[in-house]
Amino acid sequence: MQQEHQKYITDLGQWQRSHSCGELTLANDGQEICLMGWVQYRRDHGGLIFVDLRDRMGLTQVVFSPDAAPKAHENAHILRSEYVLAIKGKVRPRPEGMINPNMITGQIEVVATEWKLLNTSKTPPFAIEDRCDAGENLRLAWRYLDLRRPRMQANLRLRHKVAQSVRHYLDNADFVEVETPILTKSTPEGARDFLVPSRLNSGEFYALPQSPQIFKQLLMVAGMDRYFQIVRCFRDEDLRADRQPEFTQVDIEMSFADEETVMGMAEGLMARVFKDVMGIDIALPFPRMPWDEAMARYGVDKPDTRFGLELVNITEIVRGSGFKLFATAPLVKGMKVPGGEGMTRKEIDAFTEFVKIYGAQGLAWIKIKADEWQSPIAKFLSDEERKGIAEALDLKVGDIVFFQAGEPGMVNAALGNLRVHLAHQLHIIPEDSFNFLWVTDFPLFEYNDEEKRYVACHHPFTAPATGHMDLMTTDPARARARAYDMVLNGSEVGGGSIRIHSGEVQRRMFEALGFTPEQAESQFGFLIQALEQGAPPHGGLAFGLDRLIMLLSGASSIRDVIAFPKTQKATCLMTDAPSPVAAKQLRELGLRLREQPGDKPKTGKPGEEAKTE
RNA sequence: GGAGCGGUAGUUAAGACGGUUAUAACGCCGGCCUGUCACGCCGGAGGCCGAGGGUUCAAGUCCCUUCCGCUCCGCCA
């Protein structure tokens, strides 16, 4: 069909667009205007033909009338979804009772006097509208069509506005945007690197940056004083709804700065962004919470403080309990759900399944009834233990309490995540509230079972807390870091630290991480050397731009705020990347594959005929 | 590396215990229609039930393998 219609296609010629499709109102009554856009809907009444013309700004109803403009009406019946049009016409008020209150332009319509078909379109594989519920694989394979939808357009515009706001704020504060290399050096710490083979240095590889961390520190040594960059970062790890292999950071570093300097700057930045983009005034300064407290009260290092359901440590209360699991566990915690006594067995079973994800064996619970504690475990608890638990959790009739006992990591993960899960199910999270929180005083190290050594919690350039220098080697588990995370509604949106600016301290850090002096030298010698050339004290942080946009837009997936994202298997359904390369390319790089890639089934679209006509 | 959910016309979905021609809505095509706005009415086309193998007289349905998408655990300094 669209093929027959191609004979109607004409050039733009001298036509100039005068307005967008989202702005005409009664104020434009009588004006001769020119719109360009895509056919959203066509309503052909045989006589009158209505076309809703769409561009990124909105929709405008265009009327092809056999009475008012017979010439324009003549061929208008060929118009189909997503055809590209230029319309010249006259703005007029809609007749009495025909106003569409759902459209910004609903008071008026444009009577087409002349039009040009700029292009036809095959029938799109899914409707270009927000209520469209096409599967995500289809959307990703036809991403440019998906991006025509108003919601996706809005997300990308929001992203742009945030980036602009960030640039304005930081520019005003004398920050300089500096670009750092994309082809850089692989470092063994941290996430898996994406590697790029070097043709000129056969057998050697660049790595794509996991973050510009070292470069921004070197810029501080260079006297740049205040740096930022909105920068792509790469990590070759498994994907999630909020994780992509390439993502964007707002990366910031400041010289002669301590925690107060950096956090104050970051709060101001958020306030500016929220004001510019959302029109919201957020309260400054943000509350702060030491990491220990976050773990104790919320079980996670990024607490959502929009609701209660806090965890309570009852380990000591049940130390000698007849319930052996409680008596012997290194950590026992309870979480009270006020008024949750009416939960069904089925619901509780579902929560039990939920916590098993985090390694829990089960989920103990007690319902506080008027005359008794209804629970599989109540019979094991002494009166004294009941009293202690009731006081610790401030129990009232009608409550339910969930318990978890075991290794601290598991207990906190299970209850901490159950807490958020429950809050969603119970709909107790206030909509439209933005709760910021700084989490501070992170551990400097955490033990890695796989590598049988301590690894940096944040990264190995993070300064130890004042007075914790010796702990780095004597008692690494107790050492705290000068690190801070910015948390928004239970998501980590930013994180940073005061860095080590002494070569000597940096050497001790690598030593604490189990590096030999030779390893430290070969991998990070250039950094240590730089720190010995008059490095100023410095620190900074980085925001995850994608996650921030996700929160601001209310999107449920990071993919909805990235123009061309990857699937969970890190492929691009539109370009079919990654893909095998020619033998010649491999030869030039000095590479040989251990296994030949199997022929991947193609997904069927660009290049294939749509079968619908 | 692991757990779970899904894959049926172009799209979104329904298809009890295996059983006749595999449904519906939207979309598409044709016809009618001068005030619709997710227009309406009438008619029509459209399917290797993700792919491969098996069980069976008989498989969309049961079994095995595999591919793809999504969610999560591990992982993500």
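Proteins come first, then strands; the chains are lettered A, B, ... in the order of their sequence lines, and each starts at number 1.
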Legend entry - A9(B) to C26(B) separation - C1' atoms, rounded to the nearest Å: 12 Å
Legend entry - Chi class for A13(B): syn within 90° of 0, otherwise anti: anti
Inset, instruction - Sticking with atom C1', work out how far U55(B) lies from U11(B), rounded to a whole angstrom. - result: 34 Å
Legend entry - G7(B) versus G50(B) - spacing of their P atoms, nearest Å: 8 Å
Inset, instruction - Could you please name the partner base of A45(B), counting Watson-Crick and G-U wobble pairs only when both distances are under 3.5 Å? - result: none
Legend entry - Given RNA chain B, 5'-ward residue of the pair E189(A) and N137(A), judged by closest heavy atom: N137(A)
Inset, instruction - Can you figure out which of C37(B), U34(B), U12(B) approaches the side chain of D67(A) most closely? - result: U34(B)
Legend entry - Electrostatic pair D560(A):R149(A) at N-O distance under 4.0 angstrom: no
Legend entry - With K566(A) via salt bridge (charged side-chain N to carboxylate O under 4.0 Å, His left out) - residues at least two apart: E246(A)
Legend entry - N-O pairing of K122(A) and E82(A) below 4.0 Å: no
Inset, instruction - May I ask you to check whether Q519(A) and Q523(A) show a side-chain donor-acceptor distance below 3.5 Å? - result: no
Legend entry - Whole-angstrom distance between C62(B) and C49(B), as gauged at atom C1': 16 Å
For residues 63-71 of chain A, please give each side-chain donor-acceptor pair under 3.5 Å, one per line with the distance, not counting sequence neighbours.
| unit_1 | atom_1 | unit_2 | atom_2 | d |
| --- | --- | --- | --- | --- |
| S65(A) | OG | D67(A) | N | 3.2 |
| S65(A) | OG | A68(A) | N | 3.0 |

Could you pull out the protein-nucleic contacts involving nucleotides 38-40 of chain B (nitrogen or oxygen on both sides, under 3.5 Å)?
| unit_1 | atom_1 | unit_2 | atom_2 | d |
| --- | --- | --- | --- | --- |
| A38(B) | O4' | R131(A) | NH2 | 2.7 |
| A38(B) | N3 | R131(A) | NE | 3.4 |
| C39(B) | OP2 | R43(A) | NH1 | 2.9 |
| C39(B) | N4 | D44(A) | O | 2.8 |

Inset, instruction - For F126(A) and C28(B), give me the distance from atom CZ to atom P, rounded to whole Å. - result: 15 Å
Inset, instruction - Could you tell me whether the side chains of H459(A) and E189(A) share a donor-acceptor contact shorter than 3.5 Å? - result: no
Legend entry - Phosphate OP1/OP2 of G69(B) contacted by T571(A) side-chain N/O (<4.0 Å): yes
Inset, instruction - Counting Watson-Crick and G-U wobble pairs only, both distances under 3.5 Å, name the nucleotide matched with A59(B), or none. - result: none
Inset, instruction - In plain terms, say whether D52(A) and R43(A) are close enough for a salt bridge, that is, a side-chain N and a carboxylate O under 4.0 Å apart. - result: yes
Inset, instruction - Take atom NE2 of H77(A) and atom C1' of C32(B), then tell me their distance rounded to the nearest Å. - result: 15 Å
Inset, instruction - For each nucleotide in nucleotides 70-76 of chain B, reading 5' to 3', give B when a protein heavy atom comes within less than 4.0 Å of its base, S when such contact involves only the sugar-phosphate, and - otherwise. - result: BBBBBBB
Legend entry - Euclidean distance for C1', G19(B) against U56(B) (whole angstrom): 12 Å
Inset, instruction - Take the protein atom CD of Q61(A) and the nucleotide atom P of U36(B), then report the distance between them rounded to whole Å. - result: 10 Å
Inset, instruction - Describe the nucleic acid contact of P95(A) in one word from base, sugar-phosphate, nothing, applying a heavy-atom distance below 4.0 Å. - result: base
Legend entry - Span that lies between the P atom of C48(B) and that of A58(B), in whole angstrom: 23 Å
Inset, instruction - Could you check whether T462(A) gets within reach of a base, just the sugar-phosphate, or nothing at all, counting any heavy atom under 4.0 Å? - result: nothing
Inset, instruction - Give C457(A) one of three labels, base, sugar-phosphate or nothing, depending on what nucleic acid heavy atoms sit under 4.0 Å from its own. - result: sugar-phosphate
Legend entry - G52(B) versus A59(B) - spacing of their C1' atoms, nearest Å: 15 Å
Inset, instruction - Could you state the atom-to-atom distance from NZ of K122(A) to C1' of G27(B) in whole Å? - result: 17 Å
Legend entry - E511(A)/R508(A) salt bridge by N-O under 4.0 Å criterion: no
Legend entry - Distance in angstrom units between H5(A) NE2 and C28(B) P, rounded: 12 Å
Inset, instruction - Determine the contact category for P66(A): base if any of its heavy atoms lies under 4.0 Å from a base atom, sugar-phosphate if only primed atoms, P, OP1 or OP2 are that close, otherwise nothing. - result: base
Inset, instruction - Decide, yes or no, whether a salt bridge links D146(A) with R139(A) under the criterion of side-chain N to carboxylate O below 4.0 Å. - result: yes
Legend entry - 5' priority, RNA chain B, between F50(A) and A134(A) [closest heavy atom]: A134(A)
Legend entry - Gap between atoms CD1 and C1', on I128(A) and G27(B) respectively (whole Å): 12 Å
Just list the side-chain donor-acceptor pairs under 3.5 Å for residues 477-486 of chain A, sequence neighbours left out, or say none.
| unit_1 | atom_1 | unit_2 | atom_2 | d |
| --- | --- | --- | --- | --- |
| R480(A) | NH1 | D292(A) | OD1 | 3.0 |
| R480(A) | NH2 | A477(A) | O | 3.4 |
| R482(A) | NE | E259(A) | OE2 | 2.8 |
| R482(A) | NH2 | E259(A) | OE1 | 2.9 |
| Y484(A) | OH | S497(A) | N | 3.4 |
| Y484(A) | OH | S497(A) | O | 3.2 |
| Y484(A) | OH | G540(A) | O | 2.9 |

Inset, instruction - For nucleotides C28(B) and C73(B), find the distance between their C1' atoms and express it as a whole number of Å. - result: 44 Å
Inset, instruction - Would you mind reading off the distance between D133(A) atom CG and A14(B) atom P, rounded to a whole angstrom? - result: 12 Å
Legend entry - Residues that Y41(A) engages under ring-ring contact (aromatic ring centres under 6.0 Å, His included), provided they are two or more places apart: none
Inset, instruction - Report the glycosidic orientation of C17(B): syn if within 90° of 0, anti in every other case. - result: syn
Legend entry - Whole angstrom value for the distance that separates C1' of C68(B) from CE of M574(A): 18 Å
Inset, instruction - Counting Watson-Crick and G-U wobble pairs only, both distances under 3.5 Å, name the nucleotide matched with C70(B), or none. - result: G4(B)
Legend entry - Pairing partner of C75(B) (Watson-Crick or G-U wobble, both distances under 3.5 Å): none
Legend entry - Watson-Crick or G-U wobble partner of G10(B), both distances under 3.5 Å: C26(B)
Legend entry - Basic-acidic side-chain contact under 4.0 Å: R235(A), E237(A): no
